[in-house]
Amino acid sequence: MSQSQPPISGNRRMERCLSYWSYFLLGITLQIVCTQSVKNCVVRQEVADCSHLKLTQIPPDLPTNITTLNLTHNQLKRLPAANLTRYNQLVILDGGFNSISKLEPELCQSLPLLKVLNLQHNELSQISDAMFASCISLMELHLKFNSFKKISNNPFINLKDLRILDLSHSGLSSTKLGTQVQLENLQELLLTNNNIHTLQKENFDYLSNSSLRKLDLSSNQLKEFSPGCFQSIGKLYGLSLNNVLLGPVLTEELCLELSGTSVRILSLSNIQLTKISSMTFRGLNQTNLTTLDLSHNGLSAIANDSFAWLSHIEWLGLEYNNIGYLSSRSFYGLSKVKYLNLKRTFSKPRNAMFSFPKIDDFSFQWLKCLEYLSIEDNNLLGITTNMFTGLTSLRHINLSSSFEYLKTLTNATFLSLAHSPLLTLNLTRNKISRVETGAFSCLSHLEVLDLGLNEISQELTGQEWKGLENIMEIYLSYNKNLTLTSDSFTSVPSLKRLMLRRVACKQLDISPSPFHPLQNLTILDLSNNNIANINDEMLKGLNQLEILDLQHNNLARLWKHANPGGPVLFLKGLFRLHILNLESNGFDEIPADVFKGLSHLKMIDLGLNNLNLLPDSLFDDQTSLKSLNLQKNLITSVEKSVFGSAFQNLSVLDMSFNPFDCTCESIAWFANWLNGTHTNIKDQPNHYLCNTPPQYHATLVMTFDTAPCKDSAPFKILFMINTSFLFILIFVVMLVHFQGWRIAFYWNVTIHRVLGFKEIDHQAEKPDYAAYVVHAREDAQWIWKHFSPLEEKDSSLRFCLEERDFEAGMPELEAIVHSIKRSKKIIFVVTRNLLKDPLCKRFKVHHAVQQAIEQNLDSIILIFLEDIPDYKLNHALCLRRGLFKSQCILHWPAQKERVHAFYQKLEVALGMKNRAQ
Ligand SMILES: *[C@@H]1O[C@H](CO)[C@@H](O)[C@H](O)[C@H]1NC(C)=O
Ligand SMILES: *[C@@H]1O[C@H](CO)[C@@H](O)[C@H](O)[C@H]1NC(C)=O
Ligand SMILES: *[C@@H]1O[C@H](CO)[C@@H](O)[C@H](O)[C@H]1NC(C)=O
Ligand SMILES: *[C@@H]1O[C@H](CO)[C@@H](O)[C@H](O)[C@H]1NC(C)=O
Ligand SMILES: *[C@@H]1O[C@H](CO)[C@@H](O)[C@H](O)[C@H]1NC(C)=O
Ligand SMILES: *[C@@H]1O[C@H](CO)[C@@H](O)[C@H](O)[C@H]1NC(C)=O
């Protein structure tokens, strides 16, 4: 049988109706395939699928209202009627591929509604008259692959509604299935692969009241057609005798037997009909044959006028033959043919290395009604001047891989098609290397021109397409080297689809763009061209563009931030774009506004690039996105701010093979979305693996536990509060530790001021002493030696020295307080001894500092006789150098010559006014 048959007007609807059940069965079979792993019957609506379950019994526990039961591929030996009574609603019962050897006559009694019974591939060997006697509703009975050998009596006589009876592969030696007229409604009788040698008239008598749409006797060893054998069938519309080795002689006999029958479809594929003479089909003259399949016959010669008998033929299949020569009268008489298949029909004549099959000019002139012609896969030399002349109805011609030497298409090549209303022309795989000016100018009706998979290498000036006034699609993909210019398509403004995949058209940085005249373009394919340079005007004005293929180019630079002149937004204004493919372009950056306004985008493919971070709101306008592909990029995080809007309505997502960073910030939202979405996730979950952090490496993104991330919002605030508190605390502690004394001091000063202690101005009171000298007893000697000279020099200068100036009889502490009050300043003579002096430590210092607080810090002068570190000073006396002005800190010089300077400094310090700070 041929693969495709033409429509046969009247019978078509009926055919469809009847095929319905077969399709239903096919559906079930598909279901079996899909649900094999389940070990129980799968019940969907009223269909129970129990196939491939190694069942030895009919399952007793299925819903009673099932209408279809599939029991194929099990180990059933019988179909006990008792077990089936439960399922009395069954319409279809399929028991194929079991070991059933016996059938109970009660089966159909239990299943009164049964219409389809399939018992193919079982071990039935006998059909008794009772077996199907009660199957009165049956419409299809499939019994192929059993071994009946012989059918006696009338087992099918009650099957008045039967439409299809399949007894192929059954070892039958005769077509006789009954002794009385029966099977009035039978439409298909399938008897292929039996042992039938002879078709005898009386063996078809039981069909004398039937109208067979199809009698299939293929693959039998028929040797004889007894006279009138087909006449005894009521009506016979379709006959298949494929794979029956008839040869030319028996074929001619067959045709004579068919004379006067109502046969319309005759399938004679692979019958070794090596020659057709002008007498072969003589018998078919008295028929209305519309379809004839002569494929796979090794046919090498068609004599002139052979088909003249077939004036009603509409469909002729001659594919896969060996014809070396077609004369101008070979097809004479085929005036009604609409469809002619000549795929691989021709072959080189034997013993002739450099010759080619020959088709005479005007060979097709008789086929006035021909609409579809295929000459696919032949090795003809080329197109001759009048090769196709006369094909005045031709709409579609397939010349794919037809010619060996069709190198150049000139303005003469297709002249023989000038009067055909040709709509599609397929010229793929013909090694065409050049298209000259006006090559298609005579094909003004042409809508689809396919020049793909050739070797065209030229600059397209636009003249090539001259005259293609109605062209919709030009397919140029997979050619050698096409150079585009601004005018390449100016002559075809009606173009809607343009395919330029892998044509090495690198240079597209042209102004104006080659595509500027194509205002109606909806599909543009520029993939696999290694294009690196385009400008933002390339696609300007293509308002109708819906599909844009730019995969496998080199466009990465165009979207780089650092591109001179900024990123090139070449998608700007393509508002109707539906599908955008940008796979494998090396993109590592993507401008945030590159998809702005493209609100119809349904599919974006950005796979196999180097994208890592996508800008926020990149997909904000893509709310109707259905498919997004970002597989094999360098994406680490999938965040709502980027993908939220794109994921809203997504049906298909592919983000496999990205190095996901499985942390809360990067992946939690995605993992959550994955868990809840209905979107079809490609390769999920095995190719969605975490890359970082190390402890999650190679774990599944899907299993990322988002629970800890959920509390992260309040946790974050808490964390912030905690850390700030900690920092402040540390700061305070450090401050107190290092500057606490200063703070404490200023605190005291402030308290005193605020509480209104009056500043004591000793100058107003005229103090008795210039300074009270605090020193250790051990240092008294030094004091005398160095302070008395000062007193002698300046009579107004008088120090208060404990040993000399304390009033006798006064208690020591009182005397100290009294004296300090009467002194303008307090001098500490700091030595190690002083630090040890207990009185000093506790009382004098406290009191001095107290006074200093009340008065001013300037009132204290420190004289260091030895080098004392600050911490020791602080430890012993609670004083620090830092508290005092530098003028108030004096060091007793080691060198004699500096002593004079020391005195001067001391005088300055003593003379300083006690000012408020
Ligand atoms: C068939 O039976 C099942 C339960 O046995 C029931 O759920 C289903 O609705 C029934 N179908 C019809 C069409 O009655
Ligand atoms: C043949 O079919 C016709 C109607 O289609 C019917 O009237 C006639 O009885 C049938 N003949 C036999 C022998 O069944
Ligand atoms: C075909 O092209 C040739 C030149 O290559 C020209 O002389 C001739 O007129 C053209 N024929 C037609 C029908 O345009
Ligand atoms: C583009 O399409 C519109 C609408 O289908 C049509 O009217 C117009 O003629 C087309 N333009 C060209 C140049 O074919
Ligand atoms: C999502 O798709 C549905 C139908 O497929 C549509 O009605 C709805 O508007 C879409 N949502 C958005 C946000 O576009
Ligand atoms: C996925 O969602 C279900 C409920 O919708 C929840 O029970 C389950 O824990 C979730 N799984 C993960 C890994 O988040």
Side-chain angles (χ1 to χ4, degrees), residues 361-362 381-392 394-395 397 399 403 405-425 427 430 432-451 454-476 482-500 510 512-526 537-548 573-579 600:
D361 271 354
F362 301 105
L381 183 60
I383 299 179
T384 50
T385 319
N386 283 300
M387 189 166 186
F388 301 115
T389 304
L391 290 170
T392 49
L394 194 66
R395 289 161 171 272
I397 187 165
L399 298 175
F403 305 103
Y405 289 95
L406 194 66
K407 297 262 181 262
T408 304
L409 302 184
T410 68
N411 61 6
T413 308
F414 297 111
L415 275 181
S416 62
L417 284 165
H419 299 290
S420 306
L422 205 61
L423 298 179
T424 65
L425 171 58
L427 285 165
N430 276 306
I432 298 168
S433 60
R434 218 184 136 63
V435 181
E436 286 186 354
T437 298
F440 307 104
S441 55
C442 51
L443 306 178
S444 60
H445 299 279
L446 203 65
E447 291 181 353
V448 177
L449 173 60
D450 193 342
L451 284 165
N454 278 296
E455 293 167 6
I456 304 174
S457 175
Q458 71 187 77
E459 183 181 273
L460 295 180
T461 61
Q463 295 302 304
E464 300 82 5
W465 321 124
K466 223 172 61 183
L468 290 172
E469 288 157 18
N470 290 297
I471 196 78
M472 301 271 204
E473 173 174 338
I474 296 181
Y475 187 96
L476 279 166
L482 297 182
T483 307
L484 301 190
T485 64
S486 291
D487 289 328
S488 288
F489 302 104
T490 36
S491 51
V492 283
S494 57
L495 209 58
K496 291 193 167 166
R497 299 177 290 272
L498 177 59
M499 315 297 176
L500 289 163
I510 310 165
S513 157
F515 311 115
H516 79 279
L518 307 179
Q519 302 294 310
N520 280 356
L521 203 65
T522 55
I523 303 178
L524 177 60
D525 185 352
L526 286 169
E537 300 219 333
M538 183 179 82
L539 304 172
K540 195 176 156 193
L542 303 186
N543 302 323
Q544 308 296 316
L545 200 64
E546 290 175 9
I547 300 178
L548 177 59
L574 303 178
F575 295 121
R576 295 180 68 118
L577 208 57
H578 279 45
I579 296 177
H600 287 94

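Both ligands and their constituent atoms are indexed starting at 1 by order of listing. Note that the coordinates shown come from a computational prediction; the quantities given were computed from them, not determined experimentally.
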Is the number of heavy atoms from other residues, nucleotides or ligands under 6.0 Å of His600 NE2 greater than 12?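 No, NE2 of His600 has 12 or fewer neighbouring heavy atoms, counting only those of other groups under 6.0 Å.
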Whether over 12 other heavy atoms sit under 6.0 Å from Arg395 CZ: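 At most 12 heavy atoms, drawn from other residues, nucleotides or ligands, come within 6.0 Å of this atom.
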Please identify which of these residues, Leu451, Val492, Asn411, meets the side chain to side chain contact (heavy atoms under 4.5 Å, CB included) condition with Phe440.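 Per the side chain to side chain contact (heavy atoms under 4.5 Å, CB included) rule, the option paired with Phe440 is Leu451, out of Leu451, Val492, Asn411.
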Could you tell me which residues satisfy side chain to side chain donor-acceptor pair (under 3.5 Å) with Thr485, sequence neighbours excluded, listed by chain and number?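 If we apply the side chain to side chain donor-acceptor pair (under 3.5 Å) test to Thr485, skipping adjacent residues, the hits are Ser488.
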Check ligand 3 for close polar pairs with the protein: N or O on both sides, less than 3.5 Å.
{"unit_1": "ligand 3", "atom_1": "2 (O)", "unit_2": "Asn411", "atom_2": "ND2", "d": "2.3"}
{"unit_1": "ligand 3", "atom_1": "11 (N)", "unit_2": "Asn411", "atom_2": "ND2", "d": "2.8"}
{"unit_1": "ligand 3", "atom_1": "14 (O)", "unit_2": "Asn411", "atom_2": "ND2", "d": "3.4"}

Can you list the atoms of ligand 4 that are under 4.0 Å from a heavy atom of Ser494?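 Here the atoms of ligand 4 in question are 14 (O).
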Sub-3.5 Å N/O-N/O distance, Asn520 and ligand 4: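 N/O-N/O distance under 3.5 Å: yes.
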Would Glu464 and Gln458 count as having a side-chain donor-acceptor pair, cut-off 3.5 Å?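 The answer is yes; a qualifying pair exists.
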For the residue pair Thr384 / Asp361, report whether a side-chain donor-acceptor contact shorter than 3.5 Å exists.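 Indeed, the side chains of Asp361 and Thr384 share at least one donor-acceptor pair under 3.5 Å.
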Is there a donor-acceptor contact under 3.5 Å from the side chain of Ser491 to the main chain of Gly462?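 Side chain of Ser491 to backbone of Gly462, a donor-acceptor pair under 3.5 Å: yes, one is there.
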